[in-house]
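Ligands are counted one by one from 1 in listed order, and the atoms in each one are counted from 1 as well.
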Amino acid sequence: MRVTSLDEAVEEFEKDAYERPFVIPTETVYGLAARVDREDALREIFKIKGRPTDNPLIVHVSSPDMLRDLVSGSIPEEYQRLMKRFWPGPLTLIFNASDGVSPVIKGNGQSTVAVRMPRSPQLCRLIDRIGVPLAAPSANTSGRPSPTTVQHVVDDFGARVEHYIDDGPCAVGLESTVFGIIKGRAVILRPGCITREDIEAVIGREVCVENKAVGGEVLSPGQKYKHYSPCATVFLFRGADWKDAMARKAGELGERRIGVMGSAHESYGFTVHKRFDLGQSSQDVCRGIFAGLRALDKSCDAIFIRAYATDHEGLAIMDRLEKASTHIIE
Ligand code: TXA
Ligand code: MG
């Protein structure tokens, strides 16, 4: 197992080093990457993560030109506007896939392919040197919180992955927004830090959010699986009186060690075993959620967190918190 910086990976580039899955830093979360033209390596991603094989992978390109071999037909005008505004960056778009895209990437059934261009120029340089796009899901064991530092990935995969590329903590901290035009409707399949409001401002029409499997209809296979779960029991407090509700729940839990994710300045009416400061701005909260869940999980039996308003980044924050929660207290 070796850990290199992104600069080293680009400068000391060896073609053979990229034949097996390897870990890449992106602005959102760390990814477990493989070349799109190496089916064995793509299959190995699913094994290493314990990922169901029907859950498709996101493909990372170094420029919009790389779409040519991935996409069938012309690129919708609204996508062109979104790419111009948000690429490189944390926006994944759903395209009709060309015949050349491996079924392993498409989750053995989808006719579409999800693509994004990561923000880091150095990562894009590496993709250029490799010469083909990289398919990469988040680099966590399936069901666990996504990784926002290379240490999180090492904690999950250890020596099962040979090459880790470290570029420090992720700047965004939540996975990309997944957006598609599906049967003419503009739909967010997974909210992220490019918000519904951001997308509506660019395409000039209403965007719906379908981030949950409703009535059995699943637009994005990832919606139906358990997500972001630490081993500790996670309680999400949604009511306006969340502080009182936390104190009541702490009383019920008795001796159990309770961790709280929230603002450092808050005081609570019970003994907090460990705190994780989520900071002030919604960008801070996005950056801290997964790191906080992983940190508190090391020493707490229960994790308490309050709800956030669901406008702008709040929609992505609440999507991840609801999926991570064992209990939602109204
Ligand atoms: O920020 C990110 O997107 C990170 C970094 C590494 O780029 N990647 C990531 O990948 O979060 P992953 O696999 O953990 O999540 C991809 C999500 C899944 O929910 C999957 O079901 C959905 O995107 N997805 C992928 N391809 C799709 C497709 N063709 N149609 C609908 N949903 C798709
Ligand atoms: Mg994931």
Side-chain angles (χ1 to χ4, degrees), residues 21-34 36 42 45-46 48-61 70-72 86-98 101-120 123-124 127 133-148 150 152-153 156 165 167 170-183 187-194 210-213 217-229 286-287 290 316 319-320 323-324:
F22 59 102
V23 170
I24 55 168
T26 86
E27 76 278 30
T28 56
V29 300
Y30 277 76
L32 180 61
V36 294
L42 293 168
I45 289 179
F46 288 83
I48 294 169
K49 277 181 63 80
R51 183 181 179 96
T53 53
D54 69 348
N55 195 1
L57 306 179
I58 291 179
V59 174
H60 298 69
V61 296
L70 299 170
V71 171
S72 122
F86 298 118
W87 280 17
L91 177 68
T92 296
L93 298 170
I94 307 289
F95 295 90
N96 289 322
S98 72
V101 178
S102 162
V104 182
I105 292 172
K106 293 184 286 187
N108 294 314
Q110 304 280 124
S111 57
T112 52
V113 61
V115 187
R116 83 180 191 94
M117 178 176 170
R119 190 187 280 163
S120 153
L123 178 58
C124 289
I127 297 172
L134 297 177
S138 51
N140 52 300
T141 299
S142 272
R144 295 260 302 142
S146 292
T148 58
V150 86
H152 294 158
V153 191
D156 278 16
I165 303 175
D167 195 32
C170 299
V172 174
L174 291 186
E175 306 91 336
S176 61
T177 307
V178 179
F179 174 81
I181 299 170
I182 296 166
K183 296 182 192 150
V187 187
I188 288 178
L189 299 169
R190 180 177 68 186
C193 289
I194 307 275
E210 301 197 353
N211 55 329
K212 294 176 185 132
E217 203 204 348
V218 171
L219 289 177
S220 182
Q223 291 166 347
K224 61 182 191 243
Y225 296 110
K226 185 169 170 333
H227 264 100
Y228 314 126
S229 307
C286 291
R287 244 191 314 273
F290 292 135
D319 172 78
R320 305 312 190 273
K323 287 176 177 153

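Heavy-atom contacts of Gly31 reach the following atoms of ligand 1: 6 (C) (cutoff under 4.0 Å). Every atom of ligand 1 with a heavy atom of Thr28 under 4.0 Å away is listed here by number and element: 1 (O), 2 (C), 4 (C), 5 (C). Every atom of ligand 1 is numbered from 1 in the order shown, and the set under 4.0 Å from a heavy atom of Glu175 is 1 (O), 2 (C), 11 (O).
For the Mg ion (ligand 2), the N/O/S atoms of Ser138 include one lying under 2.8 Å.
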Could you list the donor-acceptor pairs under 3.5 angstrom formed by side chains in residues 87-97, with sequence neighbours left out?
residue : atom : partner : partner atom : Å
Trp87   : NE1  : Leu91   : O            : 2.9
Thr92   : OG1  : Ser176  : OG           : 2.8

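In terms of heavy-atom proximity, Ser146 sits nearest to Phe290 at O-CB, 3.2 Å. Taking both residues in full, the closest heavy atoms of Leu32 and Pro21 are given as CD1-CB, 4.0 Å, listed atom of the first, atom of the second, then distance. Considering all non-hydrogen atoms of both residues, Cys193 and Thr177 come closest at N-OG1, 3.6 Å. The minimum heavy-atom distance linking Val36 with Ala135 is given by the pair CG1-N, 3.9 Å.
When heavy-atom distances to ligand 1 are checked against a 4.0 Å cut-off, Gln110 comes that close only through its side chain, counted from C-beta outward. Contacts between Ser176 and ligand 1, counted as non-hydrogen atom pairs separated by less than 4.0 Å, involve both the backbone and the side chain. Contacts with ligand 1 closer than 4.0 Å are made by no heavy atom of His227, backbone or side chain. Contacts of Arg116 with ligand 1, taken as heavy-atom pairs under 4.0 Å, involve the side chain alone. Of all the heavy atoms of Thr112, the ones lying under 4.0 Å from any atom of ligand 1 are found in both the backbone and the side chain.
Of the protein's non-hydrogen atoms, Arg190 NH1, 3.7 Å is the one closest to atom 17 (C) of ligand 1. Nearest protein heavy-atom contact of atom 19 (O) of ligand 1 is Gly222 CA, 3.4 Å. Protein heavy atom closest to atom 14 (O) of ligand 1, with residue, atom name and distance, is Ser138 OG, 2.9 Å. Nearest to atom 22 (C) of ligand 1 among the protein's heavy atoms is Ser220 OG, 3.3 Å. With respect to atom 13 (O) of ligand 1, the closest heavy atom belonging to the protein is Arg51 NH2, 2.8 Å. The protein non-hydrogen atom at the shortest distance from atom 16 (C) of ligand 1 is Ile58 CD1, 3.5 Å.
If you take OH on Tyr30 and CD1 on Ile165, they are separated by 9.5 Å, rounding to the nearest 0.5 Å.
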Fill in: Audit row: Met117, Cys124, side-chain contact (heavy atoms from CB on, under 4.5 Å) steps and yes/no
CA-CA 8 Å; Met117 178 176 170; Cys124 289; 4.2 Å; yes
Worksheet entry | CA sep, side-chain torsions, deciding dist, call: Ile127, His60, side-chain contact (heavy atoms from CB on, under 4.5 Å) | CA-CA 8 Å; Ile127 297 172; His60 298 69; 4.2 Å; yes
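Considering backbone and side-chain atoms together, Lys49 places no N or O closer than 3.5 Å to any N or O of ligand 1. Considering backbone and side-chain atoms together, His60 places an N or O closer than 3.5 Å to an N or O of ligand 1. In terms of polar-atom proximity, Asn55 is counted as a contact of ligand 1, with an N or O under 3.5 Å from an N or O of the ligand.
Of the listed options Ala97, Pro56, Pro52, Pro56 places a heavy atom closest to atom 26 (N) of ligand 1. Proximity annotation for atom 4 (C) of ligand 1: of Leu189, Asn140, Val29, Ile182, Val29 comes nearest, heavy atoms only.
Between Val113 and Ile105 there is a side-chain heavy-atom pair separated by less than 4.5 Å.
Using a non-hydrogen distance threshold of 4.0 Å, Pro90 does not register as a contact of ligand 1.
Residues Ser120 and Glu27 have side chains that never bring a donor and an acceptor to within less than 3.5 angstrom of each other. Residues Asn211 and Asp319 have side chains that bring a donor and an acceptor to within less than 3.5 angstrom of each other. Looking at Arg116 and Thr28, their side chains do bring a donor and an acceptor atom within 3.5 Å of each other.
Listed by chain and residue number, Asn140, Thr141, Arg144, Arg294 satisfy the side-chain contact (heavy atoms from CB on, under 4.5 Å) test with Asp156 (two or more places apart in sequence, or in another chain).
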